[in-house]
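Input: a single structure, listed below in structure tokens.
Residue numbering restarts at 1 for every chain, and letters A, B, ... go by the order of the sequence lines.
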Amino acid sequence: MSAPDPKLLLDVARGDKAALRTLYERWAGRVMAIGLRMLGERAEAEDLVQEVFIEVWRRAPQYDPARGTVSAWVTSMARSRALDRLRATGRRANKIQAVLAQPTPADFGVQSPLDSSVSSEQQREVQAALATLPGEQRSSIELAYFEGLSCNEIAERTGQPLGTVKSRLRLALGKLGALLVRGAA
Amino acid sequence: MTLTAAEFAELAAAYVLGALDDVTRAACDAHLARPESVESRRLVAELSATADRLADAVGEVAPSPSLWGRIEAQLPAARPRRRVHPAQWALAAAALLALVWLGWSRRQLSTQLDDSVAARAALERTLASQRTVTARCETDLAATR
């Protein structure tokens, strides 16, 4: 059985490249999927993967297990760096209509041009939970999480009152939490 | 802006999704920092766990096989030199000063000890001399009697 993530990250902090390689093999697919989902282009998603794992190498000594799992840490890093790239190139606004036009939560899943997407139980579970949300709640969550829009920006772009946007996010995340807990039980 | 627990609960989802403006986020941070905001902190932990799961929705996509090689080539240069915290410098300086002081003190004490030994030897010599004089006097006194 291979080492758990926190042990690997500890080894990375000591300069162990093999440990980083193992973490890469474990989580690069997730980071790549986030990159494709948020940035839309395979080459840029690979640049994101590269940036994230070099950051993992540099910041491994700063990882604090008390603040979350390694997967959440890597995922959060991937999302933040992807948002930086979207903001740097001013592409967020161009993606909003595409997000709002998504008719089903199946579009949350990534269809790789190389057909290399790997479905997983977690993916199906989260997609199923998202499928139960009303469309406007799902869109609000996606605009906030994957596009990095603030409530004000979502309200402005969707023409909805600010309070409505906040309520939708609250309701959506609450329902998702309940569904995922129930699914895990 | 000061938030009540109920007001924070309305904003909690937007807070964990990073969708609040700076002013509102700062108000939420201040609310969460209060000792009595136990329930709000529990809510944030719960919603954060759910938000973390959102990334699961995208699944996994294999990067190209050559990508690891590109990353590995950048690793040595990417590792920063270990930075020494100012407190560590202060601790090292304090330890060095303590060592210097201990060395100086030891030398001082050693000098004082040498002086004391020399003084004692001089006193013993004086005492021996006095004893000789005393003995001579006692001999002269006995002869006189």
Return the option, out of [options], with the maximum number of heavy-atom pairs under 4.5 Å with chain B.
| options | answer |
| --- | --- |
| A/Gln122, A/Glu46, A/Glu25, A/Lys166 | A/Glu46 |
| A/Ala78, A/Cys151, A/Ala129, A/Ala144 | A/Cys151 |
| A/Val49, A/Leu176, A/Val126 | A/Val126 |

Counting only non-hydrogen atoms closer than 4.5 Å, does [X] touch chain A with its backbone (N, CA, C, O), its side chain (CB onward), both, or neither?
| X | value |
| --- | --- |
| B/Leu11 | side chain |
| B/Ala55 | both |
| B/Ser64 | both |
| B/Ala9 | backbone |

Q.
For a quick check under 3.5 Å, do A/Gln50 and B/Arg70 share a side-chain donor-acceptor pair by atom type?
A. yes
Q: Using only heavy-atom distances, determine whether the side chains of A/Asp64 and A/Trp73 contain a donor-acceptor pair under 3.5 Å.
A: no
**Q.** N-O pairing of A/Arg124 and A/Glu121 below 4.0 Å
**A.** yes
Q: State plainly whether the residues A/Arg170 and B/Glu10 are in salt-bridge range, i.e. N to O under 4.0 Å.
A: yes
Q. Rounded to the nearest 0.5 Å, what separation is found between the CG atom of B/Asp21 and the CD atom of A/Glu153?
A. 10.0 Å
Q.
Is the ring pair B/Trp68/A/Tyr24 parallel, tilted or perpendicular, if the boundaries are 30 and 60 degrees?
A. tilted
**Q.** Side chain, backbone, both or neither of A/Leu20 within contact of chain B (heavy atoms, under 4.5 Å)
**A.** both
Q) For A/Arg79, is it the side chain, the backbone, both, or neither that has a heavy atom closer than 4.5 Å to a heavy atom of chain B? A) side chain
Q. Heavy atoms, side chains only, cut-off 4.5 Å: are A/Phe146 and A/Leu86 in contact?
A. no
